[in-house]
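These notes are about the structure you will find just below.
In each ligand, atom 1 is the first atom listed, and ligand 1 is the first ligand listed.
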Amino acid sequence: MPDTATVVENVIDLEREFLLQNYSRYPLVLHKGKGAWVYDINGRRYLDLISGIGVNALGHAHPRIVRAIREQAALMIHSSNLYYNEFQGPLAKRLCGITGLDRAFFCNSGTEAMELAIKMMHSHGCKAGAGKTEIISLENSFHGRTIGSLSITGQAKYRGPFEPLMPGVRFVPQNDIAALEQAVGPQTAGIVLEWIQGEGGVYPIDPAFAARAKDLSAKHDALLVFDEIQCGVGRTGRHFAYQLADPPIKPDITVTAKPLAAGIPLGAVIANERAASTIAPGMHGTTYGGGPLACRVALEFLDILEELLPAIHRLGGEMRAELTEMAHAHGFIREVRGFGLMIGIELDIPGKQIVLDAMEAGLLINCTHEKVIRLLPPYIINEREVDRALNTLGRVFRNVSIA
Ligand code: PLP
């Protein structure tokens with residue numbers, strides 16, 4: 001048997017030689033997980049506060065998810081969309097009940113779900129007549145890596161090498177109502193926004209801005225699309241982040257993915273009848289999407305989620321309060337923001353070394369936008385684990401202050 005150091009070297013060497021070099025990974029080979037903890041190949045454990053970038057919302061090896069996967073895998077993993085399966089309809093009904101929307105479509109990832117939302121906006125504009133072709137999106141947004149999603153992503157660093165992208169997209173600054181009013185008109189087919197910009201640095205939307213987007217989309221017969229791929233499905237303590245607003249601002253289309261099937265790839269587009277009617281038979285489809293395994297696991301996940309929502313809200317609030325205290329003690333922490341278990345800690349300094357120091361101390365966190373530490377803990381994290389994570393972060397921050 002090779003020792004673990006050799007296994008780690010082999011894993012890294014093989015990737016270096018044979019894998020597309022599109023990722024710059026942290027030097028950690030993960031082997032297994034249990035609850036909010038992951039274990040590397042050497043058996044060292046880490047408290048996981050990034051949960052697979054918001055995917056592993058129930059942590060790892062949740063017994064009910066493991067059981068659902070086992071049972072369904074033994075029956076049928078994939079059936080294709082040539083036939084019905086027992087779980088797609090019930091899952092669509094559940095998501096329509098949660099959102100108050102009318103119809104759902106299932107695919108395999110966030111970006112793939114956004115592609116359908118883009119097709120719906122285009123088809124809607126096309127039906128309405130010549131020239132209604134424009135999509136309004138936000139600066140600093142992130143909607144995915146495929147060409148359509150990239151075209152509505154408001155960050156030059158992702159778009160640059162792939163220009164020219166899909167034409168007809170106009171970007172406005174987040175929360176700038178005057179700019180939004182100027183950009184939207186009869187030529188607008190749809191408006192897309194993240195309720196909380198995740199990858200862009202955990203920037204929540206101003207509900208007044210979202211309300212104006214809703215008014216303008218109604219006035220100009222455009223579709224309003226909320227990308228809740230990162231902030232949706234419980235992350236903020238509500239089923240969807242737009243339900244935080246009082247009164248809630250309902251979109252025509254909600255797009256979601258990440259935690260929906262607790263780690264099994266599944267994306268969803270949930271639409272009202274007006275948006276859903278833009279897609280007729282044959283206009284869209286997928287081979288894998290909505291398979292029985294993913295849909296059954298998603299139903300199980302949504303059942304479990306009901307019991308977790310209050311704790312997500314409470315623990316998230318406690319975490320932000322403590323982190324805000326830490327911000328007062330350390331000049332390099334500019335701001336703490338977020339909702340529920342979606343938290344951004346904006347720094348005045350690059351966050352990469354903090355991520356590495358935290359990893360060394362047994363805590364997995366992430367840095368986005370160079371200076372924003374992003375926490376996306378699993379929803380099953382408990383009080384003790386939160387304390388431990390905050391103590392570790394406090395230690396890491398103190399060391400930065402001393403250095
Ligand atoms: N939209 C948002 C808001 C996201 O955060 C992400 C991924 O981080 C995506 C879209 C793309 O999702 P995926 O990586 O599953 O394609």
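- The Phe142 neighbourhood of ligand 1 comprises atoms 1 (N), 2 (C), 3 (C), 4 (C), 6 (C), 7 (C), 8 (O), 9 (C), with distances under 4.0 Å to a heavy atom of that residue.
- Not close to ligand 1: Arg145, with no non-hydrogen atom less than 4.0 angstrom away.
- In this structure, CG on Leu150 lies 9.5 Å from CD on Glu115, to the nearest 0.5 angstrom.
- Ion pairing between a basic and an acidic side chain is recognised when a charged N comes within 4.0 Å of a carboxylate O; Arg374 and Glu199 show no such pairing.
- At least one N or O atom of Gln230, backbone or side chain, sits closer than 3.5 Å to an N or O atom of ligand 1.
- Ligand 1 lies out of reach of Glu199, whose nearest heavy atom is not under 4.0 Å from it.
- Here Met120 contributes atom CE and Ser277 contributes atom OG; the two are 8.5 Å apart, rounded to the nearest 0.5 Å.
- Here's the thing with Ala257: none of its N/O atoms is less than 3.5 angstrom from an N/O atom of ligand 1.
- At a cut-off of 3.5 Å, with distance as the only test, a side-chain donor of Asn81 or Gln88 sits close to an acceptor on the other residue.
- The shortest N or O to N or O distance between Thr111 and ligand 1 is under 3.5 Å.
- Heavy atoms of Lys258 found under 4.0 angstrom from ligand 1 belong exclusively to the side chain.
- Counting heavy atoms under 4.0 Å from ligand 1, residue Asp227 touches it through the side chain alone.
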Steps toward side-chain hydrogen bond (donor to acceptor under 3.5 Å, both in side chains) verdict (Tyr203, Glu346): CA-CA 10 Å; Tyr203 288 101; Glu346 184 166 345; 3.2 Å; yes
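- In this structure, His143 has a heavy atom closer than 4.0 Å to ligand 1.
- Of the protein's non-hydrogen atoms, Gly110 N, 2.8 Å is the one closest to atom 15 (O) of ligand 1.
- The presence of a protein heavy atom under 4.0 Å from atom 13 (P) of ligand 1 is confirmed.
- Near Gly144, the atoms of ligand 1 lying under 4.0 angstrom from a non-hydrogen atom of the residue are 10 (C), 11 (C).
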Dump the intermediate steps for ring-ring contact (aromatic ring centres under 6.0 Å, His included) on Phe226 and Phe240, then the final yes or no. CA-CA 10 Å; Phe226 290 168; Phe240 287 96; over 10 Å; no
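- Side-chain contact between Ile354 and Ile365 is present, with at least one heavy-atom pair separated by less than 4.5 Å.
- Proximity of Ile312 to Tyr379: side-chain heavy atoms (C-beta onward) are separated by under 4.5 Å at one or more points.
- Against a heavy-atom cut-off of under 4.0 Å, Glu194 is close to the following atoms of ligand 1: 3 (C).
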